[in-house]
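To keep things clear, I will list the structure first and then write my remarks on it.
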Amino acid sequence: MKLSELMAGKTPNADYEGWVTADDWVLAIDIDTGGDAETKVSDYEVVQMGVEGLDAQLNPVTSEKTYIRAGQSTQKTGAARSFAVTGDRYVGDPAQDYMLSHSIKYGTGNGVVVNYVYFCFLNGVGEKGQVSVIVNSDGGGNAGESSSVDIQLSKIGAEPEEYTYSAASA
């Protein structure tokens, strides 16, 4: 499903205040360019079909030192954004089909880099950047169960930009 289809008729409220659930977050990727060109964000594919878990992590990068008379000190030196996508395989979903394609599963370097947006559906606030698609499992499971997938999307390059969804900016 394209981001424009998901957001049709919906307008995030910049003043939203309240609880947020996992279903209120949107992750969409650019499957047309592989990160090489600028596709309209509204044409990004939403990562949702068959997805049971979308674990967005800001893995901190730290430096630890011990100083005379001051003791141990930890300094944050960066953050390595990653998304763990787990769920059931759904053939025919453009996002899953792209991430589980032969060229991505076995690809390396820039060949597996995609643009993404990640934002809260309720207020539109989030980020935009690039990630490498890393397929850990492209299907499997026990007899009679759904085939499961495990895909990791890890930040590459520059720090993601702040992003606010609006129908005009998409």
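Residue-environment remark: CD (Glu145) exceeds the threshold of 12 foreign heavy atoms within 6.0 Å. The environment of Glu64 atom CD is dense: over 12 non-hydrogen atoms of other residues, nucleotides or ligands sit within 6.0 angstrom. Surrounding CD of Glu159 are at most 12 heavy atoms belonging to other residues, nucleotides or ligands under 6.0 Å away.
The backbone N or O of Thr21 lies less than 3.5 Å from a partner atom in the side chain of Asp24, making a donor-acceptor pair. Glu162 places no side-chain N or O within 3.5 Å of a backbone atom of Glu127 that could act as its donor or acceptor partner. The backbone N or O of Val61 lies less than 3.5 Å from a partner atom in the side chain of Thr77, making a donor-acceptor pair. Here the side chain of Gln96 pairs a donor or acceptor atom with the backbone of Asp88 at under 3.5 angstrom. Of the possible polar contacts, one joining the Lys155 side chain to the Gly157 backbone as a donor-acceptor pair under 3.5 Å is found.
Results of the salt bridge (charged side-chain N to carboxylate O under 4.0 Å, His left out) test with Arg89 over Asp97, Asp138, Asp150 single out Asp97 as the only residue that passes.
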Stepwise side chain to side chain contact (heavy atoms under 4.5 Å, CB included) test for Val114 and Ile31: CA-CA 7 Å; Val114 297; Ile31 68 169; 5.9 Å; no
Audit row: Cys120, Val20, side chain to side chain contact (heavy atoms under 4.5 Å, CB included) steps and yes/no: CA-CA 8 Å; Cys120 180; Val20 178; 4.1 Å; yes
Criterion side chain to side chain contact (heavy atoms under 4.5 Å, CB included) on Ser154 and Ile134, from CA distance to verdict: CA-CA 8 Å; Ser154 296; Ile134 302 162; 3.9 Å; yes
Step-by-step side chain to side chain contact (heavy atoms under 4.5 Å, CB included) determination, Val26 to Leu3: CA-CA 9 Å; Val26 177; Leu3 185 57; 3.8 Å; yes
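The shortest side-chain heavy-atom distance between Val135 and Leu100 falls under the 4.5 Å cut-off.
Here Phe83 and Tyr116 bring their ring centres to under 6.0 angstrom of each other. Checked against the 6.0 Å centroid criterion, the rings of Phe121 and Trp25 do not qualify as a close aromatic pair.
Annotation: the span from Glu45 atom CD to Ile29 atom CD1 amounts to 8.0 Å, rounded to 0.5 Å.
Side chain to side chain, Ser82 and Asn59 meet the donor-acceptor criterion of an N or O pair below 3.5 Å.
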